[in-house]
Structures are given as structure tokens and as C-alpha cells.
Amino acid sequence: MSIYDTLNREQKQAVTTVDGPVLLLAGAGSGKTRALTHRIAYLIGEMGVQPWNVLAITFTNKAAGEMRERVDELVGFGADQIWVSTFHAACMRILRRYIDRLGFDNGFTIYDTDDQKTVMKGICKRLDIDTKTYKERMLLASISSAKDKLIGVREYELGAAGDYQKAVCAKVYREYQETLQKNNALDFDDIIMKTVELFKSCPEVLDSYQERFRYIMVDEYQDTNTAQFELIRLLADKYRNLCVVGDDDQSIYRFRGANIRNILDFEKYFPEATVIKLEQNYRSTQYILDAANAVIGNNEGRKDKALWTDRGAGNRVHFRQFDNAYEEAEFIAGDIARKVKKEGAHYKDCAVLYRTNAQARLLEERMILEGMPYNVVGGTNFYSRMEIKDILAYLKTIDNGRDEVAVRRIVNVPKRGIGPATLDKLEDYAQLHDISLYEAMRQADDIMGVGRTAAKLRPFVQLIEDFRRRLAEPEDTEKPAIAELIGEITKRIGYEEYLRDYDDNDEDRMENVAELINKAVSYRESHETESLTEFLEEVALVADIDNVDGNDDRVLLMTLHSAKGLEFPNVYMAGMEDGLFPGFMAIASDDPQEVEEERRLAYVGITRAMNDLTLTYAQMRMVRGETQYNAVSRFVREIPAQLMDNAVPKKYRSEESVLAGLSRLTGAFSKSEPLSKGGTLPKASARPRVSLRPEKTFGAGGVDSLNRLAGVSKGAPVQAPEALDYGTGERVSHVKFGEGTVLKIEREPRDYKVTVNFDKAGQKIMYASFAKLKRV
DNA sequence: GCCTCACACGTTTTT
DNA sequence: CGTGTGAGGC
């Protein structure tokens, strides 16, 4: 009995066809990861291929981690020599070694979307571009899409000739690339593009990697963009042992440049390719699979395939409709609770999938209310939180002084009295002397003479220099670990106090900082040598889905995109409405491809379900403070009625009414009038809707906050309190700062400005109507 | 340089 | 609806 006996015929063929290009068309749930991992085991165990000659590429760290685990089990000795990694991580490894050949320093940093935006803002200012006509987002999008297609600055400029708008983009593109190079930074797209550039300009480097990676496997191949395809093509060009695995029906990243032609035209690029189809589904029951097939069948131009299962009919697809999104959330939470209680399900067996992250909120609130354990994947990435970015910017500055975005971010956090004017002066000086902004700060004394501003910069520069010096110390003497470094930074800059003044979330934020320290500790544990550069790189390349722990017994809430590659016994797809899913943009577009992509997304969602699939619809939904009335999603309507337990109402079945439903009826109906459908759901009107949102606390300020509330709701200016019930020299208490003594009260046109010396928090100046001070 | 208020703007989706 | 940004006062 060998490990290959459990594979079906097609899987076996995929495993044993090791020479030449292979296109493995693997439908959802057809065991493609099994096929891939066994293929790697077969190459090494049966064909005598050296482990280091194997490269397996995935899209997320999570997928890479899972594959690594399974390969380790199957291969045993030498498994750690196999490169199992994401596109980005693999390219980073290559670039760290060779990017100096492209004029970058090997210690370069990675810019995330936030950093890109910051750079772009600066460029628009510098080039005097009107950001009303040319939005930063749009400019970045066109640069990104150019990079996805491997169009460099020069080529872009050539293509822009004669087109004013494009010419502006070209100018911005050039400036953007120059800025990044100056800052010794790459953005996500550069990571791929620069690697291709490296391979094309340094044949000997390419050759060394071709020799190294004689057997290449690519997972989720349908999501590769042109740059990624070119990268793979170059690497595989010598030995042509390339096995790509994908499903054109699950291609959902067109918006990010994924080129579906890569999979559809694979046989054109590699005419000698063996094509193998995996069509047996091991995941879902028949009803679910039939529904999936029915929906995806509406797409044109797909590779012909039909999934089948021997798991039996199973349950019909559940369809439930609700008056509004609150009831939808209530039902989903309730249904999960019922499954856990009555059917012995675990929370972690249930996932709620939706189109947009914004939908998570209502669901989350409902689950909090029910005390149900849940986990939201995505939304705001941990590493894009303000406090994390601040700390990382300190680390980046210590690590790479050329990263101007990082330096600018923190030079005045916490406040050091260094404003834009000072930075401009420094910037000019830096440009003139061809040095970095940070270097200019180090020389600040020479620039502005004995000006006060130079003195303000000194402690900052000293702080950074101090940490740099200590990091340069030899190992196991004085050199601090990254975790210690973070702790010391926060302490020395007084970050906790800064956060306390910043807003009311200081406790959450400090917890996040603590979490970052945890991550630094676990980084140290999983690596033999600690490198700040490497730590920052790992941190830059994590996706939200990477942090999902499948062992936690919690309901998972995530977007349909995040759900790709996962499976759950019970799946809820919420917000099945035309206008939301498929999205408004896709419907309005005259490019039918857009709705097709949404349909593939629906297909991905449906095929996540193993046993139970529930689709929900809300007639009324608040979107950005506006009430929308939508028709039942066309994707629900594409599922034959006999596969579902509830019929889609007639009114949504004809095309006409669907179109009518599409138009937004804001204002046409009274918003306060609940659209109750008679006696079907009597509790709808009785339930206090407001209670679902966490109530905002206005502190103990009594009259003052009431004044504020009343004032705000009428849109009138805030009224100054008639008189204060405390005076100079008296003791007062504050919600955040505790007790203190009033030093000064100043009358201002609209308010009183009160200076208080707090026992613990020190001296603060605040406005009476906001501070909610109470006499003690 | 800092702080406040007013308003404009946005949503797909993410390595 | 919530956030982020820019103008104007202090």
C-alpha cells in the first residue's frame, strides 16, 4: 500500500506526469492540493529529484503554510529544501540577493497601499496636479495595472503620446518610480516586476534559478497576472517542467490584473502540454454542486467541465428573505446557534460570506449581542492600524534611513514641534546635497544655524542613532531583540501617553502594540538569526487570511474573496441582492466580463459549502447612510427552484421588475415607514433597532453633553455653558485624566478654556464643553 | 505649530 | 454613516 493508492485515476495521472508542461484543471473541491503535494512527494521519492530543485508557488502565506505542512508529512527528509512560497515571498528572496544590479540597495523596504498613497500625495503636490480630476487612487491604479502588464515607465510614455490624460499619468509614473528608488523602496507590484526585470537583464542570474528550479508548480494559476506569468515562463523556459493548477471558474482577481487568458491559453504557450481535468468533487453534496453548476453555466467562454460527487443528494439550498439587514443578521446568528445547540455543530463549522467588508459590521454586532464566538477576517489589516504603522515606521527608520515615508510619519509622533515648514527646509537641503531626508536631519545644526528648530530635531535623531548603535552591537551582548526594541521605543517616546491624548481607543491600541511585540517574539522563535529587515518584510507581506486559526471554535466572517480555498460544513452567503452582489458597478458596466467575474465569485462561495448552504436576502439595506431597496440577486435566480427549499418570489422573476428593483428608491418611500409585510414577521416593528448598535458613551458630563447632543442634532453651533460649577483653584475630575486642580479659566467667544493640573496626567488645556469636568 | 470645525467623499474585492 | 482632509482661529 503506497501513499498514492488513495488517489483517483486523474489525480494519479497528475502526480505521475512529471516531464514537460502540465495543465491541471481542477474544479472546486476536487483535491488539487492533494494532487500537488503528492506530486512533489512522487518527484522526490520516486523520480529521484533533489528537493532543492522543486519550487511550489501559492498566493497566500496560509496556502503556502498548509502545503508546506502536508509536503513535510509526505516527503520527510529534505522537505525543508523545497521552496514552498508565495509569489511575493519567492521574489523577495531573489531580490534581496540581486536587486543591487538594478540600482537598489539590497536592504530595501516594501511600501504598502498606505505608503503608496502618501508618496502619491507628495507627487501630486510637487507636480501641481489637481487631485480633483486626477485622484491619487486612480493614478495608483493605472500605475499598478501597468506594472501588472510589465509596462515600464519608458514604454508607458511611448504609449501615452498624443493622449493628454495618459501623458499626465506617465509623468506621475516616472516621478513615482524615481521617488521609490530614492527611498530605496518597492511596492507590491514592483516585487514581481523587478524580479522579471532582473531575469531579463541578467541572464546568468536567470540561468542559476532555472538550474535550481527544475520542477515548478503553481497553485491558483487562474489568478496570475501577466507579470507573474512571465516570471514563471522565464523560470520554466529551460527545463519546461511546469505544472500549473487552476480553475478558470474561480478566477476572481481580474480587478487586480489577473489575466484569465493565462489559463485559457496555456496550451498555446505550451503546445506540448498535457491537460488533465479533475472533476470529481469530494467536498459538497449534490444539491449544492448542482446549484453551483447552474450558476456558473451562465458564463461564456469557460473551459468545459462538469463537477460530480458521490456524496449523495444532501440538503436543498436554503433561501431566506428579510425586510432588512438587521433581521438578516439576526437570522444567521440564530440559525448558527440552533445548529450548534440542536445539531451538535461547532461554531468553527460555520462561515458567513459576504461581498463587501462593510457588511461584517451588522453581523458582528448581532453576534456580540448573542454572545457568539466569532472572528472577522479582513477589514482593516492589523498592520495598517495607525499605532502599528507608527511603531513600524520607527523600526523602518532605524533599519533604512532612506525611507522618507517612514521618517516623515514619525518625526512628529509624538509631537516634537516639527511641522511642514521645517520639513520643507530639510527637504530642500537634502535635495541640494543629494542626501536623504534623515541625513539632513542629522546635519540640521549646519542648515539652520542655531535656530530653535534644529534643537527640536536633536532628540529625535539621537533616539534613532542610539537604537542603531545598539542594534549594531555583536549578538548576545548588548544587541536588543526586536521585541525589546519595540518595548523601548514605546517607552522612550512616551507612546502610551501620546495615545491617551490621541483618542478614546488608547487601550485597544496599546493592546495592538503588545500584540506586535508578541509577533516579534514568535518571529525570533521561528528564525535562527534575527534580522530587523527580514522581520519588517514578513510583516509587510501578510494577508488577513494568513492569521486565521482553524482550530479556534469561532464562526468565521469574511468576504467571498478571502474564502477562496477554504471549506466549511455550513456556509451562509449574506446580502444576495442585485446591486450588492453582483455589485452596482458590475451591473452598470457595459463590459459583461464584470458580471461574469461576480458570477465566478458566487461560484466560489457556493462551492465552499460541504453540507449546508444558506442564501439570505434583505429587501432594505443601508449603504453609506442611504437606504437601498434591491431585487433578489440574479445569482439566486439562476439556481433552479427545485434545488432550493424556498422559492424566490414571483415579483423578482421577471426581468422587468428586476430592473425596477435595481433603481435606488431613496426618498421615494418614507424612510421611517417600516416596509413590513403584514403579519409575517410581527416582531420586526417591535424590536428596538437602535439597540443593535453599541451605544456611544458621553461620559458623566450631564448637562454639558446633553447640550452638545441637542446642539449637534439640530446642526446649531455648540453653546457655551452659562456658567461653570467650578472655579480657579478648585478640584475637578475628568473621565480620562482623573482628578486635578483648576489653574486657569479663560472666557472665549464660544466656550471656556480651562487649564487643569491633573495629579497623574499633568497639565492640560481643554474646553469646558468637551472636557466634561466635574467639581469634586 | 496646533487645534477646531466644516465638508467632501466613498466601497468592491487584496498580495 | 464614518472617516479624512483642509481652512481658519488662536
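Proteins get letters first, then strands, A, B, ... in listed order; numbering begins at 1 in each.
Within 4.0 Å of A/Ala421, counting heavy atoms only, lie sugar-phosphate atoms of the nucleic acid but no base atom. Residue A/Arg600 is out of contact with every strand shown, counting any heavy-atom pair closer than 4.0 Å. Across all strands, A/Phe87 comes closer than 4.0 Å to no nucleic acid atom at all (heavy-atom distances). As judged by a 4.0 angstrom heavy-atom cut-off over every strand, A/Ile418 is placed among residues touching the sugar-phosphate backbone only.
Between A/Arg416 and A/Val542, the residue whose closest nucleotide on DNA chain B is further toward the 5' end is A/Arg416. Annotation: of the two residues near DNA chain B, A/Thr559 and A/Lys415, the 5′-most nearest-nucleotide partner is A/Lys415.
Between the C1' atom of B/dT15 and the CG atom of A/Asn61 lies a distance of 9 Å, rounded to the nearest Å. Counting to the nearest Å, the P atom of B/dT14 and the NZ atom of A/Lys147 are 21 Å from each other. Rounded to whole Å, atom C1' of B/dT15 lies 13 Å from atom CD1 of A/Ile57. As rounded to whole Å, 12 Å separates atom P of B/dC9 from atom CD of A/Glu136.
Between the side chain of A/Arg624 and the base of B/dT11 there is no donor-acceptor pair of N/O atoms closer than 3.5 Å.
By the stacking rule of 5.5 Å between ring centres and under 30° between planes, A/Phe255 stacks on the base of B/dT13.
Comparing C/dG2, B/dC9, B/dT14 by their closest approach to the side chain of A/Lys135 singles out B/dC9. Considering only side-chain atoms of A/Met622, the nucleotide from B/dT12, C/dC1, B/dG1 that sits closest is C/dC1. Closest approach to the A/Asn357 side chain among B/dT11, B/dT14, B/dC2 is made by B/dT14 (side chain taken as heavy atoms from C-beta onward). Listed nucleotides: B/dT13, B/dC2, C/dG2. Nearest to the side chain of A/Arg361: C/dG2. Listed nucleotides B/dT15, B/dC2, B/dG1 differ in distance to A/Asn412; the shortest reach to its side chain belongs to B/dC2.
Under the 30°/60° scheme for interplanar angles, the aromatic rings of A/Tyr253 and A/His561 are found to be tilted.
Under a 4.0 Å N-O distance rule, the pair A/Arg96/A/Glu534 does not qualify as a salt bridge.
Side-chain nitrogen and oxygen atoms of A/Ser562 include at least one within less than 4.0 Å of the OP1 or OP2 phosphate oxygen of B/dT14. Under 4.0 angstrom from either OP1 or OP2 of B/dT11 there lies at least one side-chain N or O belonging to A/Arg137.
The two atoms that bring A/Pro582 and A/Phe635 nearest to each other are CD-CE1, 3.5 Å, heavy atoms only.
When the C1' atom is used for both C/dG4 and B/dT13, the distance is 22 Å, rounded to whole Å.
Because its NZ or CZ atom is both nearer than 6.0 Å to the ring centre of A/Phe382 and within 45° of the ring axis, A/Lys519 counts as a cation-pi partner of that residue.
A/Tyr221 and A/Asn262 form no side-chain donor-acceptor contact under 3.5 Å, judged by distance and modelled atom types alone.
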